[in-house]
Visitor: 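Please see the structure below; I have some questions.
Given the structure is predicted, the values throughout are model-derived calculations rather than measurements. A note on names: the letters A, B, ... follow the listed sequences, proteins ahead of strands, and every chain is numbered from 1.
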Protein chains: 2
Amino acid sequence: MTTNTARERLINAAVEAFAEKGFAATTTRDIASRAGMSPAAVYVHHDSKESLLFTVSLDGHRSALAVINRAAASSSDPVDRLRTMVYDFSLWHADNSRVGRIVQYEYHALTPEHRAEVATLRRSIERTMQDALADGVDQGVLDVTDIPGTAFSLLSLGVDLVRWFEPGGSRSGHDLATLHADLAIRMTAARAAPAQPSA
Amino acid sequence: MTTNTARERLINAAVEAFAEKGFAATTTRDIASRAGMSPAAVYVHHDSKESLLFTVSLDGHRSALAVINRAAASSSDPVDRLRTMVYDFSLWHADNSRVGRIVQYEYHALTPEHRAEVATLRRSIERTMQDALADGVDQGVLDVTDIPGTAFSLLSLGVDLVRWFEPGGSRSGHDLATLHADLAIRMTAARAAPAQPSA
DNA sequence: GTCTATAAATTGATAGAC
DNA sequence: GTCTATCAATTTATAGAC
């Protein structure tokens, strides 16, 4: 049984509303109504509309970071590792498209302090992807000239899913994540023989 | 000399404000103030805040569609053509990142009628990219299994630029567009010899 | 912890003078 | 075509009863 406290019901309602209409267009009345409560009840459990956004955004960032960190540790082979990282990151955005939309599109609606806090998590995600590419280049199995740019591009595939992905649509998250992982390998794999004993 | 009518000044002010704060968080007072006019002056030149958004969004969609259509007609070689399409589409998003942000992120803020009107332009962009991939596959120089998914992924590279790109930043639009075009070729090019006389 | 009621500020849009 | 002034509705958030 999920406990489902009033606080959690409000967070779930906020996720729905923010993802559907955006933070600025969402009213606290709307959130309260979706949670089956009066407008005043929101403020018993949360300080403000923005603090509700911060709760959702911070948790979402942590979740995405955990997924990509776990994938980065899943294999010692750089190609397998990269495939898993891109697959898992894209799948996370498909499986969590509403939270993902809030994470990616409502970043600017956070207070400067809260924005700075999630910014460190964002940089950590980017660094994890860059490190994975750099390691593959060092081992001679990946061919990537522009590591920061390519890392960003690989992440973009997953991030951009939240702009249009709807659960129950014509394409599954698994299909899209598999496609992205395949494209990622084609984008980065070394062409020639990966392990040649001598020059 | 740019004519710069009051109507145009208001549109430029709206582009700045919508891109910076989002449509819902932008007030008509903010737009008027950026254009150096009183709040009431907005309604002499535009029907509503939403009609201002529609003007910006429709023009932006038309511009992006024109760019990719022109690129699609630039060469008869599928590889050159694809390179140009991805380069131009990404460069457009870098060079027009504020309008691009409004095009991509404020779609849901349009009225249903206005949304339907720009939706046809969006579909046209996607179809142009899909057709280019299909033609390359037919000619045996591109190897693409999932044409709709790959087309979307190629467009995502450009679209996702508007989420973070700032003019004057550390990377130029040309650099990013070149990177995206290179990645696009690696994602789609046939591996083996493209023109073999016999099996 | 929930509610009703409401404060205090801000919003999109309009009226009417010049 | 621009302004000042303002309307009417809506907003976030709070007060106080239960």
Visitor: With a 4.0 Å cut-off on heavy atoms, is A:Thr5 in touch with a base, just the backbone sugar-phosphate, or nothing at all?
Guide: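 Counting heavy atoms under 4.0 Å across all strands, no contact is made by A:Thr5.
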
Visitor: If only side-chain N and O atoms of A:Tyr43 are considered, is one of them under 4.0 Å from the OP1 or OP2 phosphate oxygen of D:dA13?
Guide: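 Checking D:dA13 against A:Tyr43, a side-chain N or O does come within under 4.0 Å of OP1 or OP2.
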
Visitor: Salt bridge check, B:Lys49 against B:Glu106: does any charged N sit closer than 4.0 Å to a carboxylate O?
Guide: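 Looking at B:Glu106 and B:Lys49, the cut-off is not met.
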
Visitor: May I ask you to decide whether A:Arg171 forms a salt bridge with B:Asp146, counting only side-chain N to carboxylate O separations under 4.0 Å?
Guide: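 Salt bridge: yes.
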
Visitor: Taking atom P of C:dT11 as reference, at what distance in whole Å does atom NZ of B:Lys21 sit?
Guide: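 Between P of C:dT11 and NZ of B:Lys21: 8 Å.
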
Visitor: Mind checking whether A:Trp164 and B:Phe152 have side chains closer than 4.5 Å, heavy atoms only?
Guide: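 Yes. Closest side-chain heavy atoms under 4.5 Å.
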
Visitor: Measure CG/B:Leu52 against P/C:dG12 and give the value in whole Å, please.
Guide: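 My rounded result for the distance is 11 Å.
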
Visitor: Can you name the nearest heavy-atom pair linking B:Val67 to B:Phe89, along with the distance?
Guide: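 Result for this residue pair: CG1-N, 4.3 Å.
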
Visitor: Should we count CG of A:Asp77 as having more than 12 external heavy atoms under 6.0 Å?
Guide: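 Counting other residues, nucleotides and ligands, CG of A:Asp77 exceeds 12 neighbours.
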
Visitor: A:Lys49 has an atom NZ; how far is it from atom P of D:dT14, in whole Å?
Guide: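 Going from NZ in A:Lys49 over to P in D:dT14 covers 15 Å.
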
Visitor: How long is the line joining CG of B:Leu53 and P of C:dA13, in whole Å?
Guide: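 Interatomic distance, CG of B:Leu53 to P of C:dA13: 12 Å.
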
Visitor: Extract from the structure each pairing of a protein N or O with an N or O of nucleotides 1-3 of chain D at less than 3.5 Å, listing the distance.
Guide:
{"from": "D:dT2", "atom 1": "OP2", "to": "B:His45", "atom 2": "NE2", "distance (Å)": "2.5"}
{"from": "D:dC3", "atom 1": "OP2", "to": "B:Ser38", "atom 2": "N", "distance (Å)": "2.7"}
{"from": "D:dC3", "atom 1": "OP2", "to": "B:Ser38", "atom 2": "OG", "distance (Å)": "3.1"}

Visitor: What is the distance from atom CE of B:Met85 to atom CG of B:Leu154, rounded to the nearest 0.5 Å?
Guide: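 CG of B:Leu154 is found 9.0 Å from CE of B:Met85.
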
